[in-house]
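Working notes, beginning with the structure itself.
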Amino acid sequence: MSRFAEPQDPVFRELNTSLGFDRRLWREDLDQSRAHATMLAARGIIAEGERDELLRGLDAVAAELEGGTFPFAPDDEDVHMAVERRLTELVGAVGGKLHTARSRNDQVATDVALWTRGAVDRALGHLRDLQHALVDAAERHLDWPLPGYTHLQRAQPVYLSHHLLAYFWMLERDRTRLEAVRAATEVLPLGAGALAGTNFDIDRRMVAEQLGFSTVAPNSIDAVANRDFVVDFISAAATCATHLSRLGAEVVLWASSEFGFLVLPDAWSSGSSIMPQKKNPDAAELLRAKAPRIAGHLTALLGVQHALPLTYNKDLQEDKEHLFDAADTLELVLQAATGMVAGARFDRERMAAAASDDLIAATDVADHLVKLGVPFRECHGVVAGLVRTAVESGRGLGDLRDDELRAAHPKLEPADVRGLLVQSSWLESKASEGGTALARVREQLEQARALL
Ligand code: ARG
């Protein structure tokens, strides 16, 4: 019998079905059902023989899904109903006992929590690979100077190792966020029933333990309405992808003829359909462009949950496509970033040439005067005047004459100033903790290695 006198409108059916995307949850759904059946028998809610039949049937369903022979039916609204229908076909009426003390509401929340946990673990693995690649690249280019930029104008020179490690630390924060998401996926919704709990004496702790949850959701209403862990995952993914977009943007710039700081490996480049000379950094460009896509999923899912009355509403079915695409995209960009970082060939000369323009040491000259007791603001003005004189006459700071230096400030000894303008001294003077001096970068590298 059915509650309904007429069949569903085909358009409604198309709108309502989630099978096209939620079939990706089948492993989690089967794991959950095995744990649920085992618990039902342990509590005497079903017989042990019935449990065995159910487990046998679930194995058969798993084999079909694994082998691609599972017969999906046009009436299967979602993966949960498809599995139960097929199970009943395979084992008979006892299949109908699996859904005892369970609703699709707590079932789907549990599957999604399990799936999100797996996605977190995969992302963490790729993230670690990228961190390794960054640390290795930093070690290979420990003392290679290049300009550090603000406003994309040459600001102060840094070592490439230092610059690469900046990304390591961004990713380390991403890792912390993902670990927190993982913890949020370890609270078991199952046992909440439709929303109010169940009429059976179930053992939620037992199910939690079997499925790797550390605790059970304390409130059944919250349990079926909650998708915070999905929001948290997509948020962490969006932040991580945004970090990679900055890396991608730098790779695009650095691979240009204008910069020429690096050459990408052929395996991470593509050609042009019309210009034979072109070698395009498409992968790096896509690192830039994929980040807002994940941010869009975050915005969309927050929108889905905005002002949503408790508890389950069909709106929540929309969590999955945002989750899946965010997870897939994050995995892709993490792996692509790793490939490019590991394979990029940096050009020591090009970078050094860009960092050898001695205007980049203007701060060092100002700080020299500060150390002689001149207030920093005044020093800034003095050196700004020197820079202007140099630039207007097409010279560097080191080319200024003694009288020009002395005229700028009586405490400015030409010999001292020229001593400051010796190439690598600009880097080695940045010896404060976290600075670019080699000793400090080595400290950073050690910290990074220890974390890995
Ligand atoms: N396909 C649904 C989803 O993904 C499953 C839950 C259905 N629950 C319900 N009460 N209709 O959200």
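This structure is a prediction, so every number in the text was calculated from the model and none was measured. Sequential numbering from 1 along the given sequence is applied to the chain's residues. For ligands, and for the atoms within them, numbers begin at 1 and follow the listed sequence.
In this structure Thr299 satisfies the side-chain hydrogen bond (donor to acceptor under 3.5 Å, both in side chains) test with no other residue, sequence neighbours excluded. With sequence neighbours left out, Arg23 forms a side-chain hydrogen bond (donor to acceptor under 3.5 Å, both in side chains) with no residue at all.
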Please list, one pair per line, the donor and acceptor atoms closer than 3.5 Å that link side chains of residues 444-452 to other protein atoms, with sequence neighbours excluded.
from   : atom 1 : to     : atom 2 : distance (Å)
Gln444 : OE1    : Trp169 : NE1    : 3.0
Arg449 : NE     : Glu139 : OE2    : 3.3
Arg449 : NH2    : Asp136 : OD1    : 2.8
Arg449 : NH2    : Glu139 : OE1    : 2.7

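Between Phe261 and Tyr149, the two ring planes are tilted [angle within 30° to 60°]. Note on ring orientation: taking the six-membered ring where Trp is involved, the planes of His163 and Trp254 are tilted (angle from 30° to 60°).
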So what's ligand 1 close to, N/O to N/O, under 3.5 Å?
from     : atom 1 : to     : atom 2 : distance (Å)
ligand 1 : 1 (N)  : Ser18  : OG     : 3.2
ligand 1 : 1 (N)  : Asp78  : OD2    : 2.8
ligand 1 : 1 (N)  : Gln317 : OE1    : 2.7
ligand 1 : 4 (O)  : Lys320 : NZ     : 2.7
ligand 1 : 8 (N)  : Asn105 : OD1    : 3.0
ligand 1 : 10 (N) : Asn105 : OD1    : 3.0
ligand 1 : 12 (O) : Tyr312 : OH     : 2.5

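Paired with Pro281 under the rule side-chain contact (heavy atoms from CB on, under 4.5 Å), one option of Val263, Leu264, Leu287 passes, and it is Leu264.
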